Structures are given as structure tokens and as C-alpha cells.
Amino acid sequence: MKKLIVFLTFMITFSSLIVVLANSQDEILIIAHRGANDVAPEHSETAYKVAIERQADYIEIDLRMTKDGHLIALHDHSVDRTTNGTGDVSEKTLEEIKKLSLKNGEKILTLEEIFSNFGNSTNYYIETRLVNYKPKMEEPLIHLINQYGLQQQVMIGSFSEKSLLKIRELNRNIPLVYTVLNDNVTYLDVSRIKQYAMAIAPNANQINKEFVERMHSEGLKVYIWFFHDNEQDLMMDILLYNVDGVFTDFINDTKEMIKIMENYGT
């Protein structure tokens with residue numbers, strides 16, 4: 001009896017998801033979270049290559065700035081977790097950073113190397129952050145985007161409103177996404193966010209269907225990020241909410257889920 005109840009619950013959820021996807025007018029964007037980090041170290045060249053091979057819509061790049069002003073692809077403020085070295089990125093020159101290795105022996109990539117390697121073969125979701133509490137990486141970022149002619153292939157997101165406002169001063173056209181950390185989404189100043197951003201990116205744990213509908217009614221798209229450990233448990237529910245995109249650690253699984261649902265609904 002218990003198994004029957006679980007099965008019926010799954011079928012109801014599955015059927016609801018089919019209806020949502022069948023009625024959705026836009027494709028759900030697949031954003032490769034730090035590249036295909038389920039098969040290669042996050043932000044490595046291999047992780048990005050695999051993400052592009054798997055046809056992710058965007059590859060995500062977390063930016064950090066070195067002591068001598070270079071932009072590199074690294075999530076943490078220090079190199080401790082992801083490399084064979086220790087210390088804060090902001091206290092190291094690029095030459096020192098390049099002496100370190102990721103877990104598979106590859107080197108940390110600069111943003112310019114990523115643009116040079118992959119060019120217009122993909123789209124880029126770039127996450128900025130403050131450097132010593134100041135917006136310092138925005139000008140060199142925009143310079144590189146312009147240098148490589150990628151203005152139409154970039155979205156920029158940040159937890160920092162100050163960073164996004166700086167980007168908006170430098171470029172009026174690049175789509176911006178305000179990323180929510182631990183804030184209660186009920187109290188977000190949506191009218192203010194709309195002045196500079198076209199989308200909002202909360203964590204999967206923070207939202208429900210009513211929130212997504214409210215953001216859509218305000219003209220904002222909704223992109224969802226997950227913690228690695230809960231993504232696969234929450235993805236089906238999140239797709240039910242008719243979100244506009246997901247940051248995924250499991251590209252193939254997410255794409256297959258969406259594909260099956262869409263095919264089943266046609």
C-alpha cells in the first residue's frame with residue numbers, strides 16, 4: 001500500500017510537470033554550474049569543454065581578481081579547497097596562481113584564456129563580486145568582453161548590487177541577474193532590482209511557485225541555483241514552477257529530464 005501511494009504521488013507530480021513544460025513558451029536555460037563539475041574539477045578547462053560538448057546553454061564562470069589585477073575563474077576567495085596551494089587569491093600575483101594546479105593537474109584559467117579558447121562556441125554566465133569591498137573587476141571584465149566581441153553572448157550575475165550597478169554604468173545592454181544569498185525573498189525590493197536587472201537568481205530552497213509567478217508578473221526572469229547535495233532531489237519541483245533557467249551540476253540528467261517531459265507532453 002505504501003509503495004502504491006509513493007507511485008501515485010510521483011505520477012501526479014510527473015503529470016503536472018508535463019503540463020507546465022508543454023505550456024511553457026520559452027526553453028529552460030541550462031547553465032553549467034562551474035562547468036561540467038560532475039566529471040572534472042570545477043572551473044577547469046576540461047569541465048568547460050565537457051559542458052560545451054553537452055550543449056549547455058551557458059557555462060558559468062565565477063570571477064576572482066589577483067593581486068596584480070588579472071581576472072581568473074575560481075569560486076572561493078582562497079585557493080585552499082580546489083588547488084594544491086594555500087592562501088587568498090587577492091594576495092597572489094597571476095604568476096603565483098599559475099604555479100598551482102587543480103585536482104586533475106590542470107592550471108587555473110584566466111577569463112581571457114577562457115574567451116580565447118572557446119570564443120563564440122558557447123555563451124557565458126559570469127558572476128562578479130567585490131574586491132576588498134569595492135567594485136574593481138567590472139571595468140577589466142567589460143574590456144575583455146568588448147575585446148573578444150562577446151557582448152551578445154554574456155549574462156552577468158552577482159550577489160553584489162554595487163557590482164551590478166557598476167556594470168550597468170559601463171554597459172547598458174548586457175543582461176544582469178541579481179543573485180540572492182540567504183535573504184528572505186518575501187522582502188526583496190523588486191522595484192529596485194528591476195531598475196538594473198532583467199532576472200533574479202534565488203536558491204531552490206528559498207522559493208515556491210507563487211514567488212516565480214510574482215517575479216514573472218513583475219517582468220523578471222527567474223534562474224535557480226542549488227546546493228550540490230540537494231539539486232537532484234529538488235530539480236523536479238523547481239521545473240514545476242516554470243522557472244526560466246537552472247544552474248546545474250548534472251547537465252545530462254537535467255537535460256534528459258526536460259527532454260522526456262517535453263516529448264511526453266507533445
Side-chain angles (χ1 to χ4, degrees), residues 3 5-43 47-48 50-62 75 122-125 127 155 157 159 177-186 188 199-216 220-266:
K3 290 183 178 180
I5 293 173
V6 171
F7 175 75
L8 291 174
T9 301
F10 172 79
M11 289 305 296
I12 291 170
T13 304
F14 185 84
S15 300
S16 299
L17 183 54
I18 290 169
V19 172
V20 169
L21 292 176
N23 293 333
S24 178
Q25 295 181 349
D26 300 314
E27 292 185 4
I28 298 173
L29 292 182
I30 302 297
I31 304 167
H33 186 230
R34 308 178 195 177
N37 74 80
D38 58 333
V39 297
E42 62 187 58
H43 296 309
Y48 288 132
V50 173
I52 293 169
E53 289 170 0
R54 292 181 175 182
Q55 298 182 321
D57 297 302
Y58 284 79
I59 58 172
E60 189 219 16
I61 306 168
D62 290 295
H75 179 269
T122 188
N123 297 310
Y124 304 89
Y125 185 99
E127 183 172 304
M155 275 198 292
F159 293 103
V177 182
Y178 177 68
T179 313
V180 185
L181 188 54
N182 295 317
D183 303 3
N184 186 331
V185 294
T186 305
L188 289 173
I200 189 168
N203 181 263
N205 287 322
Q206 296 171 294
I207 70 161
N208 54 30
K209 186 176 182 180
E210 288 69 32
F211 172 81
V212 176
E213 290 174 347
R214 181 164 69 90
M215 292 302 101
H216 285 166
L220 288 172
K221 292 184 180 296
V222 181
Y223 304 124
I224 303 299
W225 59 277
F226 303 80
F227 295 112
H228 181 82
D229 293 339
N230 69 11
E231 176 185 329
Q232 292 178 309
D233 292 333
L234 296 178
M235 182 61 76
M236 181 176 288
D237 287 338
I238 291 303
L239 293 176
L240 269 169
Y241 300 157
N242 199 22
V243 299
D244 302 284
V246 290
F247 297 84
T248 180
D249 289 339
F250 308 96
I251 300 168
N252 282 351
D253 291 348
T254 300
K255 288 174 69 73
E256 188 63 25
M257 181 182 293
I258 294 172
K259 182 178 179 180
I260 290 172
M261 304 303 183
E262 289 177 336
N263 288 343
Y264 193 92
T266 55

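Values in this document were obtained by computation on a predicted structure and should not be read as measured data.
Once rounded to the nearest 0.5 Å, the distance linking NE2 of His228 with CZ of Phe250 reads 4.0 Å. Note that the CZ atom of Phe226 and the CG atom of Asp249 stand 9.5 Å from one another [nearest 0.5 Å]. Atom CD1 of Ile258 and atom CD1 of Ile28 lie 4.5 Å apart (nearest 0.5 Å). Separation of atoms OG1 (Thr248) and CG (Asp38) is listed at 8.0 Å; rounding is to 0.5 Å. Lys209 contributes atom NZ, which lies 7.5 Å from atom CG of Leu240 (distance to the nearest 0.5 angstrom). Rounded to the nearest 0.5 Å, atoms CD1 (Ile52) and OG1 (Thr122) are 4.5 Å apart.
Looking at His216 and Asn242, their side chains never bring a donor and an acceptor atom within 3.5 Å of each other. Under the 3.5 Å distance criterion, with hydrogens and angles disregarded, no donor-acceptor pair is assigned to the side chains of Thr179 and Glu127.
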**Message:** I'd like to know whether Ile207 forms a side chain to side chain contact (heavy atoms under 4.5 Å, CB included) with Ile238, so could you lay out the CA-CA distance, the side-chain angles of the two residues, the decisive distance to 0.1 Å, and finally the verdict.
**Reply:** CA-CA 9 Å; Ile207 70 161; Ile238 291 303; 4.0 Å; yes
**Prompt:** Stepwise, does the side chain to side chain contact (heavy atoms under 4.5 Å, CB included) test hold for Glu256 with Ile251?
**Reply:** CA-CA 8 Å; Glu256 188 63 25; Ile251 300 168; over 6 Å; no
**Prompt:** Does the pair Tyr125 and Phe247 meet the rule for a ring pair (Phe, Tyr, Trp, His ring centres under 6.0 Å), with working shown?
**Reply:** CA-CA 10 Å; Tyr125 185 99; Phe247 297 84; 4.9 Å; yes
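Put simply, the side chain of Tyr124 does not reach to within 4.5 Å of the side chain of Glu60, judged on heavy atoms. The shortest side-chain heavy-atom distance between Val177 and Ile200 does not fall under the 4.5 Å cut-off. Asn203 is not listed as a side-chain neighbour of Val180, based on a closest heavy-atom distance of 4.5 Å or more. Under the 4.5 Å side-chain criterion, counting only non-hydrogen atoms from C-beta, Ile224 is not in contact with Tyr241. Side-chain contact between Thr254 and Leu239 is absent, with no heavy-atom pair separated by less than 4.5 Å. Inter-residue side-chain proximity for Val246 and Leu29 is flagged as unmet; no heavy-atom pair is nearer than 4.5 Å.
Nearest heavy atoms, Leu220 versus Ala199: CD2-N, 3.8 Å. Contact detail for Ala47 and Pro41: the closest heavy-atom pair is CB-O, 3.3 Å. The heavy-atom pair separating Pro202 from Val185 by the smallest distance is CB-CG1, 4.2 Å.
Annotation: Gln55, atom CD; neighbour count of heavy atoms from other residues, nucleotides and ligands within 6.0 Å does not exceed 12.
Checked by atom type and distance alone, the side chain of Trp225 pairs as donor or acceptor with a backbone atom of Ala201 at under 3.5 Å. Checking side-chain atoms of Asn123 against main-chain N and O of Asp57 turns up a donor-acceptor pair under 3.5 Å. With Asn37 contributing its side chain and Arg34 its backbone, the two residues share no donor-acceptor pair below 3.5 Å. Asn208 places a side-chain N or O within donor-acceptor distance of the main-chain N or O of Phe211, the cut-off being under 3.5 Å.
Ring pair His33/Tyr58: centre-to-centre distance not below 6.0 Å.
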